[in-house]
2 protein chains.
Amino acid sequence: MGRWEPDARGRLEQAALELYAAQGFDQTTVAEIASHAGLTERTFFRHFADKREVLFGGGALADGLAAAVDAAPESQPPLDAVIAALESLSDFFEERHTHAQRRQKVIAANPSLQERELIKLASLSTAMAGALRRRGVTEPAASLAAETGVAVFKVAFERWLDDARKRTLAQHIRESLDELRTVTAVPRRSTKRA
Amino acid sequence: MGRWEPDARGRLEQAALELYAAQGFDQTTVAEIASHAGLTERTFFRHFADKREVLFGGGALADGLAAAVDAAPESQPPLDAVIAALESLSDFFEERHTHAQRRQKVIAANPSLQERELIKLASLSTAMAGALRRRGVTEPAASLAAETGVAVFKVAFERWLDDARKRTLAQHIRESLDELRTVTAVPRRSTKRA
DNA sequence: GTCTATAGGGCGATAGAC
DNA sequence: GTCTATCGCCCTATAGAC
């Protein structure tokens, strides 16, 4: 047994989410979070670059997605590789549905958290675009495939979050991809869709 | 002639861009910007919500894009309406090529400015998605069309910024849209998805 | 226009693990 | 001894309150 309770980082994340949800992000001070976790303000900043970052777990997702794209079958078209990588997150999120809802509500209530969320999503896109280029996809196709995939994911994630019918995230991703393909299809002629 | 020099806002924008470019964003204080514009710190914050916002002109672009989508021919498919709206920005930017380059370089050097840039782009997407819904496009098609359009714009804008051959922004948008359509086209066969 | 809380960075001290 | 996690205190600039 060490001098400190284990998992300082996890405790900070937990305390932060609870306080942000209960009082709002702006109304919560770092000192408060730290004290709820039995730590000091200074230690908080050792683990997280700023007050927002505590909700965004680091670059693990981006790394995982890049690896998944790297591992995709050689012949797989870029967008399909990206979508498959994103679908592979489904299991991870499936068991965190309520946590994700809670977290999303906090983010939705604060613009500066939305900014952070967007740059995290952009980093997913950047990571996957890099992986695509590694497998020979040229620009701008690589960036477009990655960004499009993330747009699909974003829509799918939202719908998954408030899906009463409990379909999986992967299913929502499939559906959104189909929608995307309808939307980007070259209009044959005066193809008006309501 | 009034009591004050005219265009306080413009002078603040100008001073900020120059100082950010010369010394870096973090190394520049609001007091410094204000003093270069012959104003006080307090006045800066009456014009701009925060230190970042001075680079992002306000919601004019989003409003213009929404209006352009509203004005599109009734029969025009969603993505085409979005792309047409974005192309309509071409003239505006064409005369600001060097200013845009300078500004982009400042933003590229600072993550918090990148966050702000992303939320501004997202607001363009939101505005256009709203306009699409007004013309009867349903979700998630409206959001997907708007987000996809913005992804195309983003890629096109970057390429336009460092295009030695001086093609117009509109031309780059066309090209990127073609690329997008290639990327999202349903692969003809051996469509294996993991 | 003035006042103030807090984010967040710098630097050094401490104390346990190895 | 080194390495690493934690804490303490100082500081400034942002940004909101009054």
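So that the names make sense, note that chain A is the first sequence line, chain B the second, and so on, each numbered from 1.
- Atom CD of A:Glu158 is surrounded by 12 or fewer heavy atoms from other residues, nucleotides or ligands within 6.0 Å.
- With respect to B:Glu139 and A:Arg159, no salt bridge is recorded, no charged nitrogen being found less than 4.0 Å from a carboxylate O.
- OP1 or OP2 of D:dT6 has at least one side-chain nitrogen or oxygen of A:His47 nearer than 4.0 Å.
- Per the geometry, CZ belonging to A:Phe45 stands 15 Å off C1' belonging to D:dC9, to the nearest Å.
- Taking atom CZ on B:Arg52 and atom P on C:dA7, their separation rounds to 14 Å, with Å as the unit.
- Atom-to-atom, CD of B:Glu32 to P of D:dT12 comes out at 15 Å; the value is rounded to the nearest Å.
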What are the atom names and distances for every N/O pair under 3.5 Å that joins the protein to nucleotides 2-6 of chain C?
none

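- The distance between atom CD of A:Gln27 and atom C1' of C:dA7, rounded to the nearest whole Å, is 15 Å.
- Taking the side-chain contact (heavy atoms from CB on, under 4.5 Å) definition, one finds that A:Ala141 meets it with A:Val137, B:Glu179, B:Val183, sequence neighbours left out.
- A salt bridge between A:Arg134 and A:Asp70 is present, with a side-chain N of the basic residue lying under 4.0 Å from a carboxylate O of the acidic one.
- The interatomic distance linking A:Phe48 (CZ) with D:dT6 (P) rounds to 11 Å, in whole Å.
- Computed from coordinates, the A:Asn110 CG to C:dA7 P distance equals 13 Å when rounded to whole Å.
- Salt bridge status for A:Lys120 with A:Glu53: present, with a side-chain N to carboxylate O gap under 4.0 Å.
- One atom, CZ of A:Phe44, and another, P of D:dC7, lie 13 Å apart when rounded to the nearest Å.
- Both A:Asp26 and A:Arg46 sit near DNA chain C, but only A:Asp26 has its closest nucleotide nearer the 5' end.
- Contact annotation: A:Thr43 does not reach the phosphate of D:dT6 (side-chain N/O to OP1 or OP2, under 4.0 Å).
- Relative to the six-membered ring of A:Phe56, A:Arg52 misses at least one condition, a distance below 6.0 Å or an angle of at most 45° to the axis.
- Between the CD atom of B:Gln23 and the P atom of D:dA13 there is a distance of 12 Å, rounded to whole Å.
- Every residue meeting the ring-ring contact (aromatic ring centres under 6.0 Å, His included) condition with B:Phe93, not counting sequence neighbours, appears here in chain and number order: B:Phe157.
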